[in-house]
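Right, one structure below, let's go through it.
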Protein chains: 2
Amino acid sequence: MPMPPPTDDTPRRRSDGEQTHAAILDAAMRLASIEGLSSLTIGRLARELGVSKSGVFAHFRSKQRLQQETIAAAGEVFEREVFVPASAAPAGLARLEALCEAYLSYVERGVFPGGCFFAHLLAEFDAPDGPIHDEVDATQRGWLALLEEHIAIAQHAGDLRSEVDRAQLAFELYAPLELANYLATLYRDPSLTDRGRAAVRATLAAASPTERAWR
Amino acid sequence: MPMPPPTDDTPRRRSDGEQTHAAILDAAMRLASIEGLSSLTIGRLARELGVSKSGVFAHFRSKQRLQQETIAAAGEVFEREVFVPASAAPAGLARLEALCEAYLSYVERGVFPGGCFFAHLLAEFDAPDGPIHDEVDATQRGWLALLEEHIAIAQHAGDLRSEVDRAQLAFELYAPLELANYLATLYRDPSLTDRGRAAVRATLAAASPTERAWR
DNA sequence: GATTAGTTCGCACGACCGTGCGAGATCCGG
DNA sequence: CCGGATCTCGCACGGTCGTGCGAACTAATC
């Protein structure tokens, strides 16, 4: 009995496959952000979507493709939820603050139910395994490079002291964002992001040219 | 052909089981720190140790017990590698610095090949699943509480300003430790821990009563 | 030397994994 | 109305998982 006619009245529409494809990736992102990309399972996805395993498998022709497409899809979500909002701010210090705030807001709003998708990947593929490791590596370097870029602009604009080490400051801004993400998810308490906000504020204040570098 | 007599000349010694038990936990910690506790597999452990699956399984009578004993064993390693060295410093600011330094050193020395075992758990069980989540939760709260405790002592001793929010400062100290761990493992570059050291130093300087709060 | 406790073995079970294949169901262009 | 595309299906495969069981072997005790 292959395909017990869709039962619901709406007949199969043009390009039903694209819809399914997107729905699968949606569920995959949700699952992977909670339990990790490697415990993403075709059978489980199928069950969750009320679809046969073959129905899922046919859309990606290997598990690896499924994983890669899931990462790509999550990348688009991240771009939409973090990069785009932050881009409203002018390049430099304002953009730097906007990036941090956009990240914390994205954690706070629970865009992914298991916390930041990429933070999860960072922890999961921290050991040098397979091709996904390189992708994660590049993602992290890109994020840090973006922060550094705006630090540099802020320095040239005189909004940050020019002696501060850019890579070090990027690290110090990123650190509280990550920890806020992990603890907010672990404790199920989005208010943890306020700790992140305070930390970012303090770090930027310490790097500001006006020496009001205390909380 | 069960048990092809141990082949090597050394005959089975008293309490061979305890040795095996410990060897299994050793391999389990190694594996779990790299690939996560949930991809810890009895079959894989057995293969890695050149032993039958039953030979592994018999020592723990369920997978859950294996996982719990692995966490406990890693806790002992952490205690030996971080808590004990730090305890040499007097309580308060010195202990606080010693704890951060001990953690970074433990990351740097690669005590676990996949980076800090507990940081991995923090990321892996950030979603509320099962009994292990509670254990991870408690571990993290304990670590933060320990930092807070020595912050309080340092404040009473006048080594840190008494107005600073203890929980916030603990968060700001923990954040660079975690990120240093993740990036050092991801980039295979232990020198990342120096970023963590600099961040800790800056954060403590900003909280110090003498206002030399710049890098 | 027989007994006993302890350790590891082979083997089997059901469940789930990723992957393939052929077959129906539906839709679209002719 | 017909023929190809497109989806999704059921089914089957080999592999690995966690878990049990009985048996073989060793070392220590009587």
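Letters A, B, ... are given to chains in the order of the sequence lines, protein chains preceding strands, and every chain is numbered from 1.
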Just N and O in the side chain of [X]: are any of them under 4.0 Å from OP1 or OP2 of [N]?
X       : N      : value
A:His59 : D:dT8  : yes
B:Ser54 : D:dC21 : no
B:Thr20 : C:dT8  : yes

Axis-to-axis angle between the two ends of the helix from C:dG1-D:dC30 to C:dC27-D:dG4 (five base pairs per end, rounded to 10 degrees): 10°
With the threshold set at under 4.0 Å for non-hydrogen atoms, list the residues of residues 35-53 of chain B touching DNA chain C in residue-number order. B:Val51, B:Ser52
Could you check how far [atom1] of [X] sits from [atom2] of [N], rounded to whole Å?
X       : N      : atom1 : atom2 : answer
B:Leu66 : D:dC17 : CG    : C1'   : 13 Å
A:Gln19 : D:dT6  : CD    : P     : 17 Å
A:Arg65 : C:dT19 : CZ    : P     : 12 Å
B:Lys63 : D:dT19 : NZ    : P     : 8 Å

Contacts of [X] that satisfy side-chain hydrogen bond (donor to acceptor under 3.5 Å, both in side chains) - sequence neighbours left out:
X        : value
B:Glu148 : none
A:Ser38  : A:Glu124
A:Tyr174 : A:Gln140, A:Glu178
B:Glu69  : B:His21, B:Arg65

Partner residues of A:Thr70 under the side-chain contact (heavy atoms from CB on, under 4.5 Å) criterion, sequence neighbours left out: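 In terms of side-chain contact (heavy atoms from CB on, under 4.5 Å), with neighbours along the sequence ignored, A:Thr70 is linked to A:Leu25, A:Ala28, A:Met29, A:Leu37, A:Leu40, A:Leu66, A:Phe117.
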Partners meeting salt bridge (charged side-chain N to carboxylate O under 4.0 Å, His left out) with B:Arg188 (sequence neighbours left out): none
Test of understanding: with salt bridge (charged side-chain N to carboxylate O under 4.0 Å, His left out), list the residues that count as partners of A:Glu101, not counting sequence neighbours.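 Checked A:Glu101 against salt bridge (charged side-chain N to carboxylate O under 4.0 Å, His left out); matches are A:Arg197.
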Should the pair A:Trp143 and A:Tyr103 be assigned to parallel (<30°), tilted (30 to 60°) or perpendicular (>60°) ring geometry?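 It falls in the tilted class, 30° to 60°.
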